[in-house]
Amino acid sequence: MRGMVWFRRDLRLHDQPALTAACQECDEVIPLFVFDEPLLQSHKFGSACVNFMLGCLGQLASSLADHGVPLQWRRGEPVKHIVRAASDWKADVVYWNRDYEPGAVERDRLAQQQLSQLGVTVRTFKDHVVFEADEVRSATGEPLQRYSAYRARWWTKWHATTPEVQPIPPALAKKKAALLPISRLLPSASELGYDPAVPWIEPGERSAQKRLRWFTKEPIHSYAQSRNLPAIDGSSKLSPHFRFGTLSPRVAIHEALNALAKGGQVSRIGVLTWIDELIWREFFQQVLASFPHVAEGPFRKVAVPPSREPGPEHDSLFQAWCNGQTGYPIVDAGMRQLNQTGWMHNRVRMVVASFLIKDLRIDWQSGERYFMQHLLDADVAANNGNWQWCASTGTDAMRGYRIFNPALQSKKFDQDGAYIRRYVPELARVPAKRIHEPHLMTADEQARAGCRIGTDYPSPIVDHQLARQEYLTLGKQEATR
Ligand SMILES: Cc1cc2nc3c(=O)[nH]c(=O)nc-3n(C[C@H](O)[C@H](O)[C@H](O)COP(=O)(O)OP(=O)(O)OC[C@H]3O[C@@H](n4cnc5c(N)ncnc54)[C@H](O)[C@@H]3O)c2cc1C
C-alpha cells in the first residue's frame, strides 16, 4: 500500500501521529509539503515566521533523506496539489494531522471530499494539542470559557489517560521510497516573496529538543519568578517550535514532569507554572475550534470604549507604536524587540497590547494583525486569544477597568532597565531612577545621559493618566447606553 503524509504544522519525525500511522500501515511512504501560495501572497505572516518555517523544513527534509524517504514539495493552491499528487502518485491513503484554524478546517474538508471522490482514503490525527476541544468539556458537554475550569478538567483528563509519546517510527528507514523524480531544493525566502533573514530562534526539530532539555534541566525551576523578567532568558522560547510542530506538546509535558520526578533541586511551582502556560495554549486552541467566529471579531459583545476614529491622528499614533517611538520605554523596547527579532517577551506583549488598546484607543485587531506579520510564533489561536484577553472581549478576559501602567510595569519587571537599554540604545546612559520615565529628566540630566527628550528620544505621545481616565469614562458611558 502506498501512503502520502501531508506535513503542515508538524515538521518533525518524533511523536508524529500521521507519519507513525503511515509507516505502520503502508509499504511505501511519500512525505509532502505544499507551500500555500494564496496564504504566502496575502502576507498575513511575515519574513520572521517564513524564514523560521523554511529552516524547519530544511531540517525535516534532511532527516527524511537520511531515512531514505525524501520530502517532496509543491507550491500553489494546497487542495489542488494534494489531490493531484495523490492521483499522479497513485496513493491509496493520505495522512495528516488536524489543524483547528477556521481556514485550515475548510481546506481540509475540501481536500478530504475531493480525495474521497478519487477513491483515496483519508486518515487524520490529533497532534497539535494534547487534548482536542471535544475532549475537555464542562459537565454538561459545553466548551469551557473559563481558563480555571478548563485547567482543572485538563488535568483530570491527563491523569485519566496520560497520553503516550511515540518515537521516530522504527519502520521509517525500512520503507521503500516511491520511485518519484528527485525532489528539488526547497525554495528560498526571496523566491517565496519574503526578505531572507537568519531566524533569531534556531529552527528545526534538533534545536527544539536541545532547548527543551536545557530548559527542563535548570531554568524551569525558577520559571515562576523569572518568566516575568524580560531582561533574562527566563522562559523556554519554544513558542515557534510549538507553532510549527518541531516539538510535540506531549513530549514537552512529559519532559517537564520528569524533571519533577527526578527529585533533587526541583521546584514544583516552577514546573507546574510552566505546564499552566501550555494549558493556556490548549485553552486558546479549543476556544478557536469551538467558537471560530473569534478569528473575525470579539468573542462577546461587551461595553468597551469605542476605538479612535480613522484619520491622521490615529495613523500617527499607530505608527509610533509599531516603530517603538511612543516615549514609553518599556513599550518601545518591546516593539523594537519584535521588529528586530520576531519575538517579544510575554509580559511585554501584555504591556504593549494594553497600551495600544487602552492608552491609544486603537482597535485590538490592528495590533493582532501587526503581531501576526512580525512574530516568529505567529499563531491564530494564541494571538487572537491573547489580544482578546487584553481587549477584555475574550472568553476569559482581563477586566475592562484594568489598565497596565507602563512605567509601573517597567519598574517592577525591568528594575534597572537592562531590557530597555538593550533595545532602546538612545537611553543606554540614562540612570536607573529615570529610565522608566526619561521625560522627567532635567535638562542637566539629559545632557549627562546624552539624550535630549523630544530630539534623541520622543516625549510621551499621550499622557498615561489622562488616557486612562478617558478610557474609563468612555467605558462607563458605553455601559450605561
Ligand atoms: C498580545 C499577545 C499576543 C500573543 N501572540 C502569540 C502568538 O501569536 N503565538 C504564541 O505562541 N503565543 C502568543 N502569545 C503568548 C505568549 O506571549 C507566548 O507564547 C510566549 O511569550 C512565548 O514564549 P516562550 O516560548 O518562552 O513561553 P514559555 O513561557 O516558556 O511558555 C511555554 C509555552 O506555552 C505557550 N504559552 C505561553 N504563554 C501563553 C499564552 N499567554 N497563551 C497561549 N500560549 C502560551 C507557548 O506555546 C509557550 O512556548 C501572545 C501573548 C500576548 C499577550
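Just so it is clear, the values below take in all heavy atoms, side chains as well, and ignore hydrogens, waters and symmetry mates. Whatever order the structure lists ligands and atoms in, that order sets their numbers, starting from 1. Please read all numbers here as calculations on a predicted model, not as lab measurements.
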Residue portion contacting ligand 1 (non-hydrogen atoms closer than 4.0 Å) for L375: side chain
Side chains of D359 and H464: donor-acceptor distance under 3.5 Å anywhere? yes
Aromatic contact, Y457 with H439 (centres under 6.0 Å): no
Does any N/O atom on L238 come nearer than 3.5 Å to any N/O atom on ligand 1? yes
Check: F33 ring centre within less than 6.0 Å of H81 ring centre: no
Heavy-atom donor-acceptor pair, R98 side chain to T124 backbone, under 3.5 Å: yes
Which of the atoms of ligand 1 are close to K237, meaning less than 4.0 Å from one of its heavy atoms? 24 (P), 25 (O), 26 (O)
Any N/O pair H345/ligand 1 closer than 3.5 Å: no
Out of M344, E277, R347, who gets a non-hydrogen atom closest to atom 35 (C) of ligand 1? E277
Counting distance only, does the side-chain N/O of D396 pair as donor-acceptor with the main-chain N or O of Y147 below 3.5 Å? yes
Under 4.0 Å from any heavy atom of W343, which atoms of ligand 1 are there? 23 (O), 26 (O)
Please work out, at 4.0 Å between heavy atoms, whether the side chain, the backbone, both, or neither of W389 comes within that distance of ligand 1. neither
Please work out whether any backbone atom (N, CA, C, O) or any side-chain heavy atom from C-beta onward of W274 is under 4.0 Å from ligand 1, and answer side chain, backbone, both or neither. side chain
Which part of A378 is near ligand 1, with near meaning a heavy atom under 4.0 Å away: side chain, backbone, both or neither? backbone
Are the ring centres of F215 and W274 closer than 6.0 Å? yes
Can you confirm, on distance only, whether ligand 1 has an N/O atom lying under 3.5 Å from any N/O atom belonging to W280? no
Scan R12, H241, Q59, H14 and name whichever one has a side-chain hydrogen bond (donor to acceptor under 3.5 Å, both in side chains) with E205. H14
